[in-house]
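Owing to the predicted nature of the structure, the values given are computational and were not obtained by experimental measurement.
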Amino acid sequence: MSDTLRLDTALEQGAFILRPSGELTWQTASTLRTWLEGYAPAPAPITVIDLSAITFLDSTGIAALLGIHTLLGSAGAGLAYAEPPPMCARLLHITGLARYLPVYDTVQSARLATGTRAPFAGEHPA
């Protein structure tokens with residue numbers, strides 16, 4: 001197991017994209033929580049969490065994904081998860097979270113499903 005989680009961000013077509021890569025586990029979830037604490041007070045109107053580069057997910061990682069959903073939802077931000085690898089998708093289905101969390105096959109479909117919202121600071125309309 002790895003003890004690192006990399007977080008890459010981008011602005012793409014009106015959405016803030018977070019791309020975590022590596023293992024999202026009890027050892028690495030603090031990286032995501034720290035990022036979320038800084039981001040949640042003023043989130044972008046649309047946030048997509050691209051899960052495609054997650055190589056392993058445990059219960060703490062699932063709790064971190066729920067934390068994002070809870071905090072950004074209470075801030076009124078549009079949120080969706082995209083491209084979970086088969087292992088992640090299976091865990092989300094087994095736990096029943098796939099019915100609760102907005103999960104989509106692609107980043108584009110996740111972005112579109114959250115609706116069209118105004119651009120946020122520093123972004124220019126396409």
Rounded distance (nearest 0.5 Å) linking atom [atom1] of [X] with atom [atom2] of [Y]:
X     : Y      : atom1 : atom2 : answer
Leu66 : Tyr100 : CG    : OH    : 7.0 Å
Thr9  : Asp50  : OG1   : CG    : 12.5 Å
Thr95 : Leu101 : OG1   : CG    : 8.0 Å

For [Y], does its backbone N or O pair with a side-chain atom of [X] as donor and acceptor, under 3.5 Å?
X     : Y      : answer
Thr70 : Gly67  : no
Tyr39 : Leu72  : no
Glu83 : Tyr104 : no
Asp58 : Trp26  : yes
Thr28 : Glu23  : yes

Minimum side-chain heavy-atom gap [X]-[Y] below 4.5 Å:
X     : Y      : value
Arg19 : Leu7   : no
Leu24 : Thr31  : no
Ile54 : Pro84  : no
Leu51 : Val103 : no
Arg90 : Met87  : no

So, for Ala44 and Ala77, which heavy atoms are closest and what is the spacing to 0.1 Å?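 Heavy atoms only, the tightest pair is O-CB, 3.5 Å.
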
Measure across Ala75 and Ala40 and return the closest heavy-atom pair with its distance rounded to 0.1 Å.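 Heavy-atom minimum between the residues: CB-O, 4.0 Å.
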
Run through Ile17, Thr114, Leu79, Leu112 and flag the one making a side chain to side chain contact (heavy atoms under 4.5 Å, CB included) with Ile46.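 For Ile46, the side chain to side chain contact (heavy atoms under 4.5 Å, CB included) test succeeds with only one of Ile17, Thr114, Leu79, Leu112, which is Thr114.
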
Taking the six-membered ring for Trp, are Tyr81 and His69 parallel (under 30°), tilted (30 to 60°) or perpendicular (over 60°)?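 Tilted.
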
Please enumerate all residues that pass side chain to side chain donor-acceptor pair (under 3.5 Å) together with Arg6, with sequence neighbours excluded.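 Arg6 satisfies side chain to side chain donor-acceptor pair (under 3.5 Å) with Asp8 once adjacent residues are dropped.
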
